[in-house]
Structures are given as C-alpha cells and as structure tokens.
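Before any comments, here is the structure.
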Amino acid sequence: MVNIAKGAALMTDTTLHIDFDSACANYIPNHPLSEAMDANLDLIGPLQLTPQELAFEKDIQEHSAQPGLIDKLTARTKEAFPGKTPEEISEIANSGIALPKFPLVFTDNPKGQGSTDVGDVSWCTPTTYVAVGFEPQGMSPHSWQWVANGKSSVAHKGLVLGAKTIALTAYDALTNPDLIKAAREAFEQDLDGATYTSVIPPEVVPH
C-alpha cells in the first residue's frame, strides 16, 4: 500500500507524507483460558431480565429500521444452535436481546468480530477475554441504539455479569496450577517459535 502511494506521488509530481499513528496485532486466543472463562460464564449467566427490560430492548430494536434484520438474526442463530427447533430459533431471533449463550468457537475466520488492542498482549502472555451481549440484538456498535442502551439497567446487569465471569476466571488462574500449565503450553504451541514485534514503527512516538 505504501509503495502504491509512493508510485502515485511520483506519477503526479506530488509530495507524500505518511502519518502512522496506531496499529494492533492479531489476537491469539488461548484455548485453556477461554474454556475456563466459558465455563464460568455458564455459572453466572444468562442475564436475568424483567419483562420491562425485555420490552425496552425490543422497542429499541424495532425502531432501528434495518431491512432484513430478523432474517439475518435467524440465519446467525441457526448457525450457532444447529440442534434447536425452528420454533426455538425463531424465538431467539425475534427477541430484542440474545439471552442464550452462544457456543465457544475457535476459528481462523471469525464473523462479526471487532478490533481489540489486547491482541498485542496475547502475543506476550496467554490471554483471553469475555464478550457479554447486553445490547439490542442485531444493532451496530457505535450506534444510537447502543448509546441509548448504555444507561439502562440491562447494560448494568451485563457489566456485572462480565465482571463476575472475569473474577472467577482470575480466581481459577490463581488457584489452579494445572490451568496455568495448560495455558502456557497452548501459548507456546500456538506461537511455534514466533515472537512479538510491534507493528508500529520504532520511530513513531505518542502524540
């Protein structure tokens, strides 16, 4: 990409200035830690919401005006829960918030993933994280729907659920040497001799 920009500058007799200000390494999930986190999420979840809170989430979702939203949610739910009946799939897809825990899946081609700067950490030590869905189902991040939901009791319950899950996993890591041993072995196997190198050039300094 940089060479293309340089070539375009030469062709147009213009000056090229590259301002490299941020970058994140790919995230390397640690299977043993992720499985421990997933088990703790089973202990804490799912979210316990009142009828009023469920109605609140559905109301936000219905005002999104996104064409084909339910079809997309149905396809996503069917892929995540192949053993559920069409009626169960429909109930989950038509809910304002996805309460069932989606299965833990390790894949080289994740769908619907955002970016995270914890990727750099995961190259240096075994790392995991939990993603708790407490937003109106199917809404885009950084949207007014997420903002409106952020001050709700649903969001508060979701944050508490996530915090408890992380705390339990930290306790497991502190008290279970076998978990740490398995996490370290998986980490070394995943890296296979590779070492972390920051993708930000050394001459770039914080502004």
Side-chain angles (χ1 to χ4, degrees), residues 1-31 33-34 37 57 59-80 93 96-98 102-152 155 158-159 162 166 183 186-207:
M1 184 180 293
V2 171
N3 286 337
I4 291 172
K6 289 179 179 178
L10 287 172
M11 288 188 295
T12 56
D13 195 25
T14 55
T15 301
L16 170 67
H17 173 73
I18 299 175
D19 186 9
F20 198 107
D21 60 358
S22 65
C24 298
N26 290 337
Y27 169 64
I28 302 176
N30 186 270
H31 289 215
L33 289 181
S34 297
M37 184 85 82
E57 298 297 307
D59 186 52
I60 293 179
Q61 184 194 66
E62 289 179 343
H63 284 83
S64 68
Q66 292 187 22
L69 175 63
I70 299 301
D71 290 340
K72 294 177 183 177
L73 293 177
T74 300
R76 182 186 74 166
T77 306
K78 187 180 298 183
E79 181 180 6
I97 183 171
F102 277 58
L104 178 65
V105 176
F106 296 107
T107 174
D108 294 331
N109 185 29
K111 297 180 181 179
Q113 296 288 331
S115 60
T116 171
D117 51 9
V118 80
D120 294 78
V121 177
S122 72
W123 278 80
C124 303
T125 189
T127 305
T128 189
Y129 72 96
V130 62
V132 180
F134 50 82
E135 75 286 346
Q137 187 176 200
M139 302 298 97
S140 300
H142 311 295
S143 63
W144 71 260
Q145 290 93 345
W146 277 43
V147 173
N149 186 67
K151 61 182 180 180
S152 69
L159 289 170
I166 293 171
F187 174 74
E188 293 175 354
Q189 182 178 351
D190 288 337
L191 262 62
D192 193 23
T195 57
Y196 171 71
T197 303
S198 175
V199 292
I200 301 177
E203 67 273 10
V204 175
V205 296
H207 293 293

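Residues: numbered from 1 along the sequence shown. Any value given below was found using the heavy atoms of this structure, including those in side chains, with hydrogens, waters and symmetry copies removed. Because the structure is predicted, anything quoted here is derived from the model rather than measured.
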Residue pair [X] / [Y]: nearest heavy atoms and the distance that separates them:
{"X": "Pro126", "Y": "Asn30", "result": "CB-ND2, 3.6 Å"}
{"X": "Glu57", "Y": "Pro136", "result": "OE1-N, 3.2 Å"}
{"X": "Phe187", "Y": "Cys124", "result": "CZ-C, 3.6 Å"}
{"X": "Leu73", "Y": "Ala93", "result": "CD1-O, 3.5 Å"}
{"X": "Ala183", "Y": "Leu33", "result": "CB-CG, 3.8 Å"}
{"X": "Ser34", "Y": "Thr128", "result": "OG-OG1, 3.0 Å"}

Just by modelled atom types, is the [Y] backbone N or O under 3.5 Å from a matching donor or acceptor in the [X] side chain?
{"X": "Asp120", "Y": "Ala25", "value": "yes"}
{"X": "Asn149", "Y": "Phe134", "value": "yes"}
{"X": "Gln61", "Y": "Gln137", "value": "yes"}

Original post:
Is Asn26 atom CG crowded by more than 12 heavy atoms from other residues, nucleotides or ligands, each under 6.0 Å away?
Top reply: no

Original post:
Are Glu135 and Pro141 side-chain neighbours, meaning at least one heavy-atom pair lies under 4.5 Å?
Top reply: no

Subject >> Stepwise side chain to side chain contact (heavy atoms under 4.5 Å, CB included) test for Leu10 and Lys6 >> reply: CA-CA 6 Å; Leu10 287 172; Lys6 289 179 179 178; 5.6 Å; no

Original post:
To the nearest 0.5 Å, how far apart are CE in Met37 and CG in Leu104?
Top reply: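 Between atom CE of Met37 and atom CG of Leu104 there are 10.5 Å.
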
Subject >> Plane angle bin for Trp123 and Tyr196 - parallel if under 30°, tilted between 30 and 60°, otherwise perpendicular >> reply: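 Judged by the thresholds at 30° and 60°, the geometry between Tyr196 and Trp123 is tilted.
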
